[in-house]
Amino acid sequence: MGSNLPTNAFWGETAALIITFAVALKTYTLHLLQKSADSLDQFVSLPAFTTVLDLDTDEEKQLPCSALQKDDIVIIKDKQIIPADGNIFWGNGSIDESCLTGKKEKADKASGDKVFMGTINTKGTFHYRVSASQDNSVFTQLLNIKNTSTTVNTATDLFALKISKYFTIFTLLMAVCTLILSIYLQKSPAFIFSLLAAIFVTGLLHSFISCTRIQFLTTLNKFARAGIFFKTPATIEQARHIDTVILGKTGILTEGHPVVTALQAEGITPKVLLALAASAEKDFDVPLARALVTSSIKNQAHLQRISSAQLLTGKGVEALINGDIIRVGKASWLEDEGVKISNELQMKAFQIAQEGGTPIFIALRKYCHGVLTLLDPLKYRCKAALALLQHMKINTILFTSDNKNTAKTIAKDLSIDQYRAELLPTDKAREIDLLHTHGLTIAAVGNADNDLPMLHAADIGVYLNNDIQANVVTAADVIIPANSLYEVGEMISYCQYIMKKIHRSFLFSGLCLFFILVGILISPLYFAQAAFLPIAAAVLAGGLSFLQINFSHHSRKF
């Protein structure tokens with residue numbers, strides 16, 4: 001066999017080629033890792049200065065954006081980036097909120113509407129009052145979530161790390177065995193060097209870890225650009241097992257802006273009753289309160305001064321007006337307080353619920369004097385979002401504090417599988433714990449503070465709102481500022497797709513190992529007939545690694 005040996009120069013060039021190929025592959029891998037870990041702060045370049053209005057002198061002046069404080073008045077013109085969160089009080093604009101929501105559609109804003117740091121005013125001029133400094137803005141909180149989520153510590157990555165560790169040990173043992181065998185067979189030093197180069201290049205530089213990390217980091221980046229923010233990459237793994245989605249009602253299935261459409265009164269005029277109810281609710285920032293105050297203004301029902309008021313979560317509001325106790329809320333709560341409700345009002349409430357509305361009772365002292373109809377229209381893409389979940393064979397359950405008749409009507413209209421009604425926030429969490437005993441993997445979708453216990457109890461808590469506080473970041477696993485239920489189904493579908501790709505990457509890696517093993521074992525024994533096997537093994541392994549890395553990076557668009 002010795003007469004068939006190639007020249008030393010040939011094997012030296014071969015080794016150099018293998019090492020060069022491996023270095024190029026590793027450099028590209030590191031480049032993809034860095035690119036995949038790009039932060040949200042690259043999406044928008046915030047301005048250094050902005051124009052503020054000095055209320056004392058009524059003059060405009062330039063102020064560093066980082067120095068903006070709550071209640072500062074900021075002037076925004078065409079094509080300017082909004083430097084801090086706030087509320088418009090004069091003028092209007094068309095805002096590009098894609099850095100938060102991932103949506104290209106512009107949001108028209110007018111007096112009373114919220115604006116957010118990092119968004120761009122594409123048209124119009126307005127003044128707004130700062131509600132949060134840059135450090136406390138929604139954009140900064142989402143940026144922090146995005147940046148802290150880049151530490152990949154998923155079960156898949158830990159498995160890849162373990163496999164890589166064992167394969168490194170295997171590579172070293174194989175190199176020692178190959179060296180001993182080659183010396184025993186009296187191979188040339190150049191051949192031995194080339195063979196060892198192939199072993200170490202394909203073994204020690206194998207991309208088990210980098211492939212999975214590129215997949216996870218690229219996915220997190222894609223989601224962030226689409227307006228979906230993950231607190232941890234482990235949620236991607238968990239999402240593929242989701243078989244049940246819990247849905248809130250207000251602001252999730254409905255628009256979240258209910259209106260008062262009717263009021264049936266007993267023993268008191270409707271206008272006076274409406275004024276009492278709106279007066280009791282006016283100090284609370286909840287959908288019912290906003291609906292009552294709007295209706296009272298529209299019907300010229302004058303609000304009255306209240307002595308005290310308290311909001312009882314999941315029940316209603318109790319207030320003291322002119323020495324009388326006013327209660328606005330659910331029938332079951334009023335009955336617990338000893339309030340009498342006539343049969344006529346109970347029948348009216350049943351009719352309201354049958355039509356998909358929410359009946360709200362109004363009581364003065366120990367007698368219920370009326371029931372109003374609260375209607376909240378369903379969202380435009382609500383049925384499409386539910387159809388997507390059903391297509392994925394995911395069960396849907398409605399959780400609501402509304403009465404059973406309203407919940408039943410909405411669930412039937414939207415083809416929701418099950419419903420749970422008249423639930424307090426703690427009841428929702430308890431119901432999820434019960435569902436877990438049946439072996440279900442649950443994602444809960446909410447958008448308010450009273451949904452946080454439910455989000456915390458679920459396997460994945462999805463928060464659909466741009467009102468992001470510290471308690472939200474603690475309870476939720478996924479935040480979608482666009483408040484779009486359709487994105488939930490898309491998110492779960494894409495996570496399933498990505499996990500399949502990661503498992504496919506492991507298959508590619510297994511093929512690489514097989515060819516490396518065959519090439520290394522055969523080459524020293526049958527050198528004359530298989531002189532290129534160690535080279536082919538190295539090139540094939542590296543090529544498959546390159547393909548899986550490159551294919552992972554250019555996966556389907558979300």
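Sequential numbering from 1 along the given sequence is applied to the chain's residues.
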Nearest heavy atoms of His369 and Leu273, plus distance in Å: O-CD2, 3.5 Å
Please identify each residue that fulfils side chain to side chain donor-acceptor pair (under 3.5 Å) with Asn483, with sequence neighbours left out. Lys379
Exam field: side chain Asp78 to backbone Gly124, donor-acceptor pair closer than 3.5 Å: yes
Under 3.5 Å side-chain donor-acceptor pair for Asp135 and Ser133: no
With no hydrogens and no angle check, is any side-chain donor or acceptor of Gln390 less than 3.5 Å from a backbone partner on Ser415? yes
Looking at CD1 of Ile236 and CE of Met499, how far apart are the two atoms once the value is rounded to the nearest 0.5 Å? 8.5 Å
Where Thr250 and Pro287 come nearest, the two heavy atoms and their spacing: CG2-CG, 4.3 Å
Heavy atoms of other groups near Lys282 NZ, more than 12 under 6.0 Å: yes
Beyond-backbone contact of Val472 with Ile479, side-chain heavy atoms, under 4.5 angstrom: yes
About how many Å separate CD1 of Ile397 and CD1 of Ile442, when rounded to the nearest 0.5 Å? 7.0 Å
Is there a donor in the side chain of His436 and an acceptor in the side chain of Asp459, or the other way round, less than 3.5 Å apart? yes
Is there a side-chain contact between Phe361 and Ser332, using heavy atoms and a 4.5 Å cut-off? no
Report, one line per pair, each donor and acceptor closer than 3.5 Å where one atom sits in a side chain of residues 344-355; sequence neighbours left out.
none

Would you call Asp413 and Leu378 a side-chain contact if the rule is heavy atoms closer than 4.5 Å? yes
When rounded to the nearest 0.5 angstrom, what is the spacing between OG1 in Thr358 and CG in Asn405? 11.5 Å
Report yes if some heavy atom in the side chain of Met392 is under 4.5 Å from a heavy atom in the side chain of Ile492; otherwise report no. yes
Going through the checks in order, is the side chain to side chain contact (heavy atoms under 4.5 Å, CB included) test met by Ile242 and Ile460? CA-CA 9 Å; Ile242 294 298; Ile460 296 179; 4.0 Å; yes
Considering only heavy atoms from C-beta outward, does the side chain of Ser131 approach that of Lys70 to under 4.5 Å? no
Indicate whether the side chain of Ser137 and that of Thr140 have a donor and an acceptor atom separated by less than 3.5 Å. yes
Assess, by modelled atom type and distance only, whether the side chains of Thr235 and Asp477 contain a donor and an acceptor separated by less than 3.5 Å. no
Is Leu414 close to Cys382 at the side-chain level, that is, under 4.5 Å between some pair of heavy atoms? yes
Side chains of Glu266 and Tyr367: donor-acceptor distance under 3.5 Å anywhere? yes
Does the side chain of Ser66 reach to within under 4.5 Å of the side chain of Gln134, using non-hydrogen atoms? yes
Hey, what do you get for CD1 (Ile252) to OG (Ser484), rounding to the nearest 0.5 Å? 10.0 Å
For the residue pair Phe229 and Phe223, is the inter-centroid distance of their aromatic rings smaller than 6.0 Å? no
Donor-acceptor pair, side chain of Asp72 and main chain of Val130, under 3.5 angstrom: no
Could you tell me the separation between the NE2 atom of His241 and the CG atom of Asp243, rounded to the nearest 0.5 Å? 10.5 Å
Looking only at heavy atoms, what is the nearest atom pair of Asp85 and Val138, with distance? OD2-N, 2.9 Å
For Arg327, run the salt bridge (Lys or Arg N to Asp or Glu O under 4.0 Å) check against Glu318, Glu335, Glu281 and tell me which one passes. Glu318
N-O pairing of Glu422 and Lys330 below 4.0 Å: no
Gap separating the NZ atom of Lys249 from the CG atom of Leu423, nearest 0.5 angstrom: 12.5 Å
With under 30° as parallel and over 60° as perpendicular, where do the rings of Tyr497 and Tyr494 fit, or are they tilted in between? tilted
As a test of understanding, state which of Asn450, Asp433, Asp451 forms a side-chain hydrogen bond (donor to acceptor under 3.5 Å, both in side chains) with Lys428. Asp451
Any donor-acceptor pair under 3.5 Å from Asn465 side chain to Asn447 backbone: yes
Can you name the nearest heavy-atom pair linking Val328 to Ala280, along with the distance? CG2-CB, 4.4 Å
So do Glu97 and Phe116 actually touch side chain to side chain, heavy atoms under 4.5 Å? yes
Check for me whether Arg420 meets the cation-pi criterion with Phe399, that is, NZ or CZ under 6.0 Å from the six-membered ring centre and within 45 degrees of the ring axis. no
